[in-house]
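In this chain, residues are counted from 1 in sequence order. For clarity, every value in this text was computed on a predicted model and none was experimentally measured.
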Amino acid sequence: QVQLEESGGGLVQAGGSLRLSCAASGRTFGSFGMDWFRQTPGKEREFVAAISWSGVFASQADSVKGRFTMSRDNAKNTVYLQMNSLKPEDTAVYYCAAQTYYSGSANYADYDYWGQGTQVTVSS
């Protein structure tokens, strides 16, 4: 069984930065695809960024390109989401997700494992 645990959320002013972490455990992750989604009340989970465990493949939502960067540290079984130039519309619960083989899918239904989420609040 795969466990994912997010950390690093919080309250930040517009224009500020946060770095989210997602620690994975439970098995080896050589072929896994890792992803960040976010969700606000009343809306579906929205794709943010994806990366293959090897780091060869990656994708981002247009809304975060140039501001957010996803990376991974294989030695620590951890992926990160560096969020810069944050905007109030980035306020959401951010979820880490994993799928057995990387697809870069933006559809949350394609992901097998989820963390509990971490709240990010950006004040104006």
Side-chain angles (χ1 to χ4, degrees):
Q1 187 68 9
V2 173
Q3 292 84 40
L4 304 175
E5 183 173 2
E6 304 99 334
S7 61
L11 173 64
V12 64
Q13 288 189 331
S17 299
L18 282 174
R19 188 177 81 157
L20 306 183
S21 300
C22 173
S25 61
R27 57 164 293 172
T28 57
F29 299 95
S31 62
F32 268 50
M34 304 297 294
D35 199 291
W36 288 97
F37 282 81
R38 64 188 182 185
Q39 188 171 25
T40 55
K43 294 187 178 180
E44 287 194 345
R45 290 188 184 185
E46 174 191 19
F47 168 77
V48 176
I51 193 169
S52 63
W53 201 255
S54 65
V56 172
F57 304 103
S59 61
Q60 288 181 313
D62 289 341
S63 59
V64 305
K65 280 182 179 177
R67 301 189 298 122
F68 291 10
T69 302
M70 189 173 181
S71 62
R72 84 274 182 262
D73 183 335
N74 292 352
K76 296 182 178 180
N77 277 358
T78 300
V79 296
Y80 304 96
L81 184 68
Q82 178 66 44
M83 305 186 294
N84 299 327
S85 302
L86 283 161
K87 304 175 182 179
E89 52 263 44
D90 294 318
T91 295
V93 177
Y94 283 70
Y95 294 92
C96 178
Q99 55 182 177
T100 307
Y101 295 96
Y102 175 83
S103 69
S105 172
N107 184 352
Y108 65 86
D110 291 335
Y111 289 80
D112 305 307
Y113 307 101
W114 292 87
Q116 81 287 353
T118 186
Q119 176 71 46
V120 171
T121 303
V122 184
S123 63
S124 57

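Considering L20, L86, L18 in turn, L86 is the only one that fulfils the side chain to side chain contact (heavy atoms under 4.5 Å, CB included) rule with F68. For the side chain to side chain contact (heavy atoms under 4.5 Å, CB included) with R38, the qualifying choice from D90, V93, T118, V120 is D90, the only one to do so.
For the pair A98 and F32, the tightest heavy-atom approach, listed with the atom from each and the gap, is CB-CD2, 3.9 Å. Of all heavy-atom pairs between A24 and L4, the closest is CB-CD2, 3.7 Å. Considering all non-hydrogen atoms of both residues, G104 and Q99 come closest at N-OE1, 3.7 Å. Between S124 and P88, the shortest heavy-atom distance links the atoms CB-CG, 3.9 Å. Contact record, C22 with W36: CB-CZ2, 3.7 Å, taken as the closest heavy-atom pair. The two residues C96 and E6 come nearest to each other via the heavy atoms N-OE2, 2.8 Å.
With hydrophobic clusters built from ILVMFWY side chains whose heavy atoms lie under 4.5 angstrom apart, V56 shares a cluster with Y102. Clustering ILVMFWY residues whenever any of their side-chain heavy atoms sit less than 4.5 angstrom apart, transitively, puts I51 in the very cluster that holds V2.
If you take CG on D35 and OH on Y111, they are separated by 3.5 Å, rounding to the nearest 0.5 Å. Here the OG1-CD distance, from T78 to E5, works out to 10.0 Å after rounding to the nearest 0.5 Å. In this structure, the separation between CD on Q82 and OG on S21 is 9.5 Å, given to the nearest 0.5 Å.
Residue E44 qualifies as open at atom CD: its count of foreign heavy atoms under 6.0 Å is 12 or below.
Scanning for side chain to side chain donor-acceptor pair (under 3.5 Å) contacts around Q60 gives an empty result, with sequence neighbours left out. By the side chain to side chain contact (heavy atoms under 4.5 Å, CB included) test, R45 is found to be paired with F37, Q39, Y95, Y108, W114, residues two or more places apart in sequence or in another chain being considered. The side chain to side chain contact (heavy atoms under 4.5 Å, CB included) check on T91 picks up Q119, T121, V122, with sequence neighbours excluded. Contacts of Q3 classified as side chain to side chain contact (heavy atoms under 4.5 Å, CB included), with partners at least two apart in sequence or in another chain: Q1, S25.
Between the side chain of R67 and the backbone N or O of M83 there is no donor-acceptor pair closer than 3.5 Å. Side-chain atoms of S105 never come within 3.5 Å of backbone atoms of S103 as a donor-acceptor pair (strictly under, hydrogens ignored).
When hydrophobic side chains of Ile, Leu, Val, Met, Phe, Trp and Tyr are connected at separations under 4.5 Å, Y101 ends up as a singleton with no cluster partners. Taking Ile, Leu, Val, Met, Phe, Trp and Tyr as members and joining any whose side-chain heavy atoms lie under 4.5 Å apart, directly or through other members, Y80 forms no hydrophobic cluster with any other residue.
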Please lay out, stage by stage, how V79 and M70 fare under the test side chain to side chain contact (heavy atoms under 4.5 Å, CB included).
CA-CA 7 Å; V79 296; M70 189 173 181; 4.2 Å; yes
Would W53 and N77 satisfy side chain to side chain contact (heavy atoms under 4.5 Å, CB included), going step by step from the backbone distance to the final call?
CA-CA 9 Å; W53 201 255; N77 277 358; 3.6 Å; yes
Just do the side chain to side chain contact (heavy atoms under 4.5 Å, CB included) check on E46 and S63 with the steps written out, would you?
CA-CA 10 Å; E46 174 191 19; S63 59; 3.9 Å; yes
